[in-house]
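Each chain gets a letter, A, B and so on, in the order the sequences are listed, and its residues count up from 1.
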Number of protein chains: 2
Amino acid sequence: MARLGDCIAMMDEGIGRVSQVIPDMPAAEARLTRLLLMVGHTFDEAVEQALKPSKINHSDFLTLMILYSRPDGSSTPGELCEYTSQGATNMTRIANALVKRGLITRGASEEDRRRVVIRITPAGRRFVQKLLPPLFPRVSAAFVGFSDTDKRSFSRLLRKLADNLDRLDEVPSPKDAP
Amino acid sequence: MARLGDCIAMMDEGIGRVSQVIPDMPAAEARLTRLLLMVGHTFDEAVEQALKPSKINHSDFLTLMILYSRPDGSSTPGELCEYTSQGATNMTRIANALVKRGLITRGASEEDRRRVVIRITPAGRRFVQKLLPPLFPRVSAAFVGFSDTDKRSFSRLLRKLADNLDRLDEVPSPKDAP
DNA sequence: CTACTTTACTTCACTGGTGAAATATGAGCT
DNA sequence: AGCTCATATTTCACCAGTGAAGTAAAGTAG
């Protein structure tokens, strides 16, 4: 219920105080990290909120959107796991839910019978097409006051961050040697 | 398991295809939103991962950090809820967990006996001081390649976004009139 | 001082997400 | 073929977070 601005203000002060006690803390980076996490979390909430009227949650929606955006409208649980950053366990639940609502179908693959093929149905497509437009005003509103340059900068910095995070996992594992 | 860069690439393509079917979609803003959510989520995971060796989760840690950063080392569940964006329900669980580990104490307020006063213990302070330093290299690593200007831009843009999100909630409620 | 409202927190029941083990198919080796 | 190892998905048991209702103490009005 507290406004995000207030949370940020208190975080700024908090980090300021902590970095006096622990001077070798990378305070600027810690601030940016907390900022990103807070804003990201609030965005998440906003999305969840916006989807609530349609009785669908964020991960179900994301899964459906990936299928919708595919030229052939189909995928497999494994692939969907990769792109939604969900575990296989949860993808089973998501698929169950979407099948129950008739938005996707689930069938056995013919080349590889371990696989399951998931496909968006016409009803699923209609659902997405009805769902999206009401979301647009809020998406735009989140970025009011962003110049084109701002948008480009933001995109660039987030992508650079993504790149760094990918490397972060690659490097520090002297545990893969058998 | 998939690298974030790959997820981003497929998101870019997906939005490209969708925006051809639904041309009035604010594609640039949608991309930024998805980017932010993906990077935010990955950051979250990274933090959770980094805290795992200390057997503490993100929200418990955040709660403890707020107490640590306070001049008097104390707060109340209600206040902690505000600043951690947690529900009161969950704060009860968090406090239970931290009390059980001896990192905080929980006692009744004397002015207002509805209130509960939560205070970090010396053991809690020691725990934080041991926990933080190993985190620093990763925090710094996430922002390698960021110039000072980049950091300032990123901070500015995130704060602007936070501001927009705060307004987003204020405006669109013609439901508060009784 | 009693009765009503509000505030602060807790309890309970449920949803969402995860790790470990189970199941089943495929692929490679001999 | 028969054996072993890897891959794809599901099931099960558990942790984390939420909404609604419960409890207890203030605040407020008649």
Side-chain angles (χ1 to χ4, degrees), chain A residues 1-2 37 40-42 44-49 51-52 54-64 74-101 104-119 178, chain B residues 1-2 37 40-42 44-49 51-52 54-64 74-101 104-119 178:
Chain A
M1 260 289 156
L37 289 172
H41 183 247
T42 307
D44 243 324
E45 273 183 343
V47 171
E48 212 80 54
Q49 204 59 35
L51 293 175
K52 201 162 262 180
S54 308
K55 310 244 193 264
I56 191 167
N57 70 29
H58 194 168
S59 47
D60 293 14
F61 169 69
L62 184 51
T63 303
L64 193 59
S74 77
S75 185
T76 65
E79 198 186 13
L80 291 168
C81 285
E82 296 230 316
Y83 291 128
T84 57
S85 324
Q86 296 290 328
T89 306
N90 201 32
M91 192 49 67
T92 298
R93 184 194 56 72
I94 292 170
N96 286 341
L98 294 176
V99 166
K100 188 149 69 182
R101 291 179 69 166
I104 64 169
T105 58
R106 190 163 32 173
S109 164
E110 302 193 345
E111 317 95 58
D112 184 342
R113 281 186 307 180
R114 288 169 305 182
R115 291 197 179 201
V116 169
V117 175
I118 287 176
R119 191 178 305 277
Chain B
M1 262 289 156
L37 289 172
H41 184 248
T42 306
D44 242 324
E45 273 182 342
V47 172
E48 211 81 53
Q49 204 60 34
L51 293 175
K52 199 161 266 181
S54 308
K55 309 246 193 263
I56 190 166
N57 69 29
H58 194 168
S59 47
D60 293 15
F61 169 69
L62 184 51
T63 303
L64 192 60
S74 77
S75 185
T76 65
E79 198 186 12
L80 290 169
C81 284
E82 296 229 317
Y83 291 128
T84 57
S85 324
Q86 296 290 326
T89 306
N90 201 32
M91 192 49 66
T92 298
R93 183 194 58 71
I94 292 169
N96 286 342
L98 294 176
V99 167
K100 189 149 66 181
R101 292 179 68 167
I104 63 168
T105 58
R106 190 163 33 175
S109 164
E110 301 193 344
E111 317 96 56
D112 183 342
R113 281 186 306 178
R114 288 169 304 182
R115 290 200 180 201
V116 169
V117 175
I118 287 177
R119 191 178 306 276

Item to complete: Let me see the working for B:L37 and A:H58 under side-chain contact (heavy atoms from CB on, under 4.5 Å), right down to the final yes or no.
Response: CA-CA 11 Å; B:L37 289 172; A:H58 194 168; 3.7 Å; yes

Discussion item. So if I define the base as every atom that isn't primed, P, OP1 or OP2, how would nucleotides 13-22 of chain D read as a B/S/- string at a heavy-atom cutoff under 4.0 Å?
Written reply: ---SBBBB--

Worksheet item: Given C:dG26, is OP1 or OP2 found less than 4.0 Å from the side-chain N or O atoms of A:R113?
Response: yes

Item to complete: Specify the separation, in whole Å, of atom CD of B:E110 and atom C1' of D:dA26.
Response: 16 Å

Discussion item. Tell me the interatomic distance from B:E48, atom CD, to C:dG17, atom P, rounded to whole angstroms.
Written reply: 14 Å

pair [X]-[Y]: side-chain heavy atoms closer than 4.5 Å:
{"X": "A:I118", "Y": "A:P77", "answer": "yes"}
{"X": "A:L62", "Y": "A:Q86", "answer": "no"}
{"X": "B:E45", "Y": "B:H41", "answer": "yes"}
{"X": "B:I56", "Y": "B:R101", "answer": "yes"}

Could you go through nucleotides 7-9 of chain D and list every protein N or O atom that sits under 3.5 Å from one of its N or O atoms, giving the distance for each pair?
residue : atom : partner : partner atom : Å
D:dT7   : O4'  : A:R114  : NH1          : 3.3
D:dT7   : O2   : A:R114  : NH1          : 3.1
D:dA8   : OP1  : A:R115  : NH2          : 3.2
D:dT9   : OP1  : A:V116  : N            : 3.0
D:dT9   : OP1  : A:V116  : O            : 3.4
D:dT9   : OP2  : A:G78   : N            : 2.7

Item to complete: Could you tell me whether the side chains of B:R93 and B:N96 share a donor-acceptor contact shorter than 3.5 Å?
Response: no

Fill in: Least distance between heavy atoms, A:A95 atom then A:I104 atom
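So the minimum-distance heavy-atom pair works out to O-CD1, 3.8 Å.
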
Item to complete: Check B:C81 against B:A88 and note the closest heavy-atom contact, atom names and distance.
Response: SG-CA, 3.4 Å

